[in-house]
Structures are given as C-alpha cells and as structure tokens.
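Let me begin by presenting the structure, written as structure tokens, before commenting on it.
We name chains A, B, ... by the order of the sequence lines, and we start the count at 1 in each one.
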Protein chains: 2
Amino acid sequence: MTLAYPLSDPRGARPAATLAETFERLGARMHFARDEEIYAQDDDADLLFQVVSGVVRTSRLTADGRRQVGDFYYPGDIFGLEPGPDHRFAAEALSACELMAVRRASVRAAAGEFEFNRAILEAARQEMERLQEHVLLLGRKSACERVASFLISLAQGRSDGPVELSMGRQDIADYLGLTIETVSRMLTRLQGEAIVEFPSLRAFRVRRWTALEALAG
Amino acid sequence: MTLAYPLSDPRGARPAATLAETFERLGARMHFARDEEIYAQDDDADLLFQVVSGVVRTSRLTADGRRQVGDFYYPGDIFGLEPGPDHRFAAEALSACELMAVRRASVRAAAGEFEFNRAILEAARQEMERLQEHVLLLGRKSACERVASFLISLAQGRSDGPVELSMGRQDIADYLGLTIETVSRMLTRLQGEAIVEFPSLRAFRVRRWTALEALAG
DNA sequence: CGGTTAATTGAACGCATTCAACACGAGTGG
DNA sequence: CCACTCGTGTTGAATGCGTTCAATTAACCG
C-alpha cells in the first residue's frame, strides 16, 4: 500500500456538501495492488473508505477455514463502516485500487457537518439494504436462483453491453454460500439455455432478461 | 392495536442524549396482541419502534410463499429502521407486545439533525451487526451449527436458568433458513447428547456450554 | 511452446428436504 | 373426567440438491 497524502488533515475547513467532497477534503488517497489486504478481520475499525477506482471485496474466515464474502464494492461505494470498534470482515483489493480514506476521529471532529453525518447514515442504509438482500438470498434461494440474482445485480443498469466480472468463481461461490463447482454448473446451464453469454471467463452479457429474472426467484 | 398517547408531540423539547430517552419522551405507547401485524412489507417506514415488553419478529415473504425471518426483537431493542422509504420486512408481534413508537420526523425535529443522525446511526450499526452475523450463519453453517448458534444467542447472559423460547419451530426454521423438521431433529439430537434440556416445548436450559459452543462452528 | 492457475465436467456421496405418519398438548364440550 | 379436535411438534423413509472428490479442459503468462 502506498500513501499519497498524510492521513490527518482537519485544517479547520468548512462543512462539505457531499460525501465525495468530504472524502476529497479530509481523506487520504491510497493505492492498493491486486490481492492486497486493506484491513484485516478484527483490526480496529479506524478508517472509512470510499472506492475511487477498482473493486474491493470484504470477507470473513471461520476458525475451520470456511470463508464468507460480505460484499463487493465498486467506485463510489463506501465500506469499512462497522457496527463495533473492530472489523468483523476483512477487506481486500480485488483489482488494483484507488481509495479515499478518512479517520473516524476526523468524522467526529467534523461532526457538526450535517451533510457528512447524513452521508454516513446513507452509507449505513445502503449497507443494510445489501445485507437484507443477502440474508434473503442465502436463507431461501436455490443455487440457480442465487447465481441468477447475482448476475442481475451486476448487470442491472448496464443496458446490454457486456458486463465485467471482477471476481473469480471462488469469490462468487463464497459470496453466494455455494461451492465453486456449483457456481460453474449454474453458469454453464444459464449459458446452455441462451439466457446469458460468456465472451470470456471474466465478462458476460444478458441475452434474455425476463428469463433471467424469472430464475432469480 | 391500541394507542395510549397521541403520536405527534414535538412540544419544543431539548435534544435527547440517547435514543432510548427520546423514545420515552416523544414516543407513543402502543399495544399489540399476539400475532398482530405491526407493519406490513412495503409499508411506508414512517415509524421507529422500541420494544418495551414482549417479542417482535420481522419477516419477508417471496412471491412463491417462502418466508425469511429477519430477526427477533426483545425489550430494549429498536426496530423499524429501514434502508429505504418503505419496509422491506414486515413486523409482527410474537407475543402480546408493548412498544414505544416515534415518527422519524418527530425525532428529527426534537433532537436536532445531529442527535437524530447519531442515534439512528447507532441503531443502524446494531442492525448491521445482527445482519452480518446472520449472513455468516446462513452462508456457511450447517443445520446443526445454525441451531446451536441460535440457542447460544438466546441463552447468553442468562447464567444457567431456563431460557424462554418465544417463537415456534416454524419461526426458528424460517430464521435459520431450514425446514421445521430439520430444526426439530437438531434439537432432539442436542437433547440426546445432553447438551441442552427442554423442560417444555417453549423453554430450554444449556447443560454443557463448551459442547454447545463447539457445535456452533 | 511448457508451466501454472483457474474453470469445467463427471460420478458418488451425504445432508437437508420432502412427504407421510404419528405423538403430544391445550382447549372444548359431553 | 374422558373423548374429541385442532394446532404444533416429532419421527421415519425416500428423494434430490448441492457437495465432495477426482479428472479434464481452458486460459494466462513466462
């Protein structure tokens, strides 16, 4: 990891209008290489991050080695916001990443800034929404439905152009609570039914949206 | 549902120190009978609730009838905080309930934007913690581990006295992402190994804590 | 080209589900 | 007090989905 700017920089500035601006003002720009750890499980949750470029994965390891991927974070997303004083999930760079980081202390110092507080709350809400959706997926969906849901969540918005798959099959499996083999089988099946198409291993295109949505449960 | 006090009561009071105090001051006391709906899926998320007595269950139904229980809320817990403008999960009273309810707008008006955000954020964090734990459980734990984890979460704190099971087997199953039969089998097994003991269907006692924790994964 | 890692495919297994029957408890009325 | 019923929970047997283990293929990079 390389640090471009010093981390602490209160500098007594005025309230920021947007979270992005606050990160720009109070934050430090950081760079992480592919597969580099951003923070570890059980680390102090001191910093709050916003993705500028690249993709980040959060994950948690159980004692006996099983892994659960929490989520994937894309440019604009905020992560590192934790319930307690330490990180329950570790964070790693899926690809080369550029991040903005702010200390919690800085957040507190700038606490008068309504907009900033509001933005953190907004981030917490997004996080809750992701988590609720994830609980429903893991609790009540079949393997096929999970994979279909996952592809939809990646592809939605991107009209019809090919969507990049930033993560490998193992990451997808650990995110969906499946094995890598099952994920592979489901992808093959979806491709066989001409619902999605894989120009390469790391990119796909949705061919039949309604069919995919029907399969997502 | 019966309403003891009017819902809106700004009364120009001072900022509250804690969310609990805010509930005491601004909230309206509400009563719900067993199995009564507190709010429905897709209702406007206008109110925020705190449990005074009784137990509340949140749940979500999929189109084809599968149900996922979000969580169970006990006295002191806050629920109803949602990411978006409407409720993704419905809430029902598991037993006869006494709740304090406040309008979001009331809290914001009375406590000030800052206090409001701080308190809500704190509640959101607790909710996130529950959700993260739930994701790990649903994604990577076996049926036995899920049931053991569930019993532990209910029993922790309560030294060794019998713990009440406020919910039926179906609720437990829908919370753990299992079927009612599987839950029953696991409970029978834990009982057979003298790890827990069931004086009645709706109460249990932990006999061997370390064994139970070992099984929880 | 090899050499290496990631992904797919196949076959056998096992855990949880499904379907079905049975047991238990609480409430009701004879 | 017992018989009846209904809801809830338990138990058994068979099925199936996803896993596991193993082998093969494909992609990537020197």
Side-chain angles (χ1 to χ4, degrees), chain A residues 33-35 57 62 64-69 92 94-96 137-151 162 164-193 196-204 215 217, chain B residues 34-35 57 62 64-69 94-95 137-151 164-193 196-204 215 217:
Chain A
R34 188 170 188 279
D35 286 329
R57 168 193 70 218
T62 64
D64 60 344
R66 284 172 287 183
R67 189 177 71 145
Q68 176 65 45
V69 166
E92 300 106 21
L94 255 183
S95 59
L137 180 142
L138 294 174
R140 285 296 175 222
K141 291 195 178 182
S142 70
C144 183
E145 290 171 329
R146 293 184 199 192
V147 172
S149 302
F150 179 69
L151 293 182
E164 196 198 346
L165 266 180
S166 317
M167 66 296 291
R169 299 292 190 268
Q170 187 63 61
D171 285 330
I172 298 176
D174 289 344
Y175 176 70
L176 299 178
L178 300 170
T179 60
I180 187 175
E181 294 95 332
T182 301
V183 170
S184 183
R185 273 182 251 273
M186 295 304 141
L187 291 178
T188 304
R189 186 163 128 195
L190 290 176
Q191 209 172 2
E193 294 171 10
V196 295
E197 185 184 29
F198 279 82
S200 87
L201 278 176
R202 290 298 189 103
F204 71 98
L215 280 176
Chain B
R34 188 169 187 281
D35 287 328
R57 167 194 72 217
T62 63
D64 60 344
R66 284 174 287 185
R67 189 179 72 145
Q68 176 64 46
V69 166
L94 255 182
S95 59
L137 180 142
L138 294 173
R140 285 296 175 222
K141 292 195 178 180
S142 70
C144 183
E145 291 171 329
R146 294 183 198 192
V147 172
S149 302
F150 179 69
L151 293 182
E164 196 198 347
L165 265 181
S166 319
M167 67 295 292
R169 300 292 190 267
Q170 187 63 60
D171 284 331
I172 299 176
D174 289 344
Y175 176 70
L176 299 178
L178 300 170
T179 59
I180 187 176
E181 293 96 331
T182 301
V183 170
S184 182
R185 273 182 251 273
M186 295 304 141
L187 290 178
T188 304
R189 185 164 128 195
L190 289 176
Q191 208 172 3
E193 294 171 11
V196 295
E197 185 185 28
F198 279 81
S200 85
L201 278 175
R202 290 299 191 101
F204 72 98
L215 280 177

Integer-rounded Å distance: [N] [atom2] and [X] [atom1]:
X	N	atom1	atom2	result
B:Ile180	D:dT10	CD1	P	8 Å
B:Met186	D:dG9	CE	P	17 Å
B:Asp171	D:dG9	CG	C1'	13 Å
B:Asp35	D:dT8	CG	C1'	13 Å
A:Arg185	D:dA22	CZ	P	15 Å
B:Leu178	D:dC17	CG	P	18 Å
A:Leu176	D:dT19	CG	C1'	15 Å

### Query
Base, sugar-phosphate alone, or nothing: which one does A:Thr182 contact when heavy atoms must sit under 4.0 Å apart?
base
### Task
Go through DNA chain C in 5' to 3' direction and return only the first and the last nucleotide with some atom under 4.0 Å of chain A's heavy atoms.
C:dA7 to C:dA11
### Query
Just wondering, more than 12 heavy atoms not from A:Arg34 lying within 6.0 Å of its CZ?
no
### Query
What is the distance from atom CZ of A:Arg140 to atom CZ of A:Arg146, rounded to the nearest 0.5 Å?
10.5 Å
### Message
Please determine whether any donor N or O and acceptor N or O are separated by less than 3.5 Å between the side chain of A:Arg146 and the base of D:dG18.
### Response
no
### Query
Of A:Thr179 and A:Leu201, whose closest DNA chain D nucleotide lies nearer the 5' terminus?
A:Thr179
### Query
If you pin B:Glu181 and A:Arg202 to their nearest nucleotides in DNA chain C, which one's is more 5'?
A:Arg202
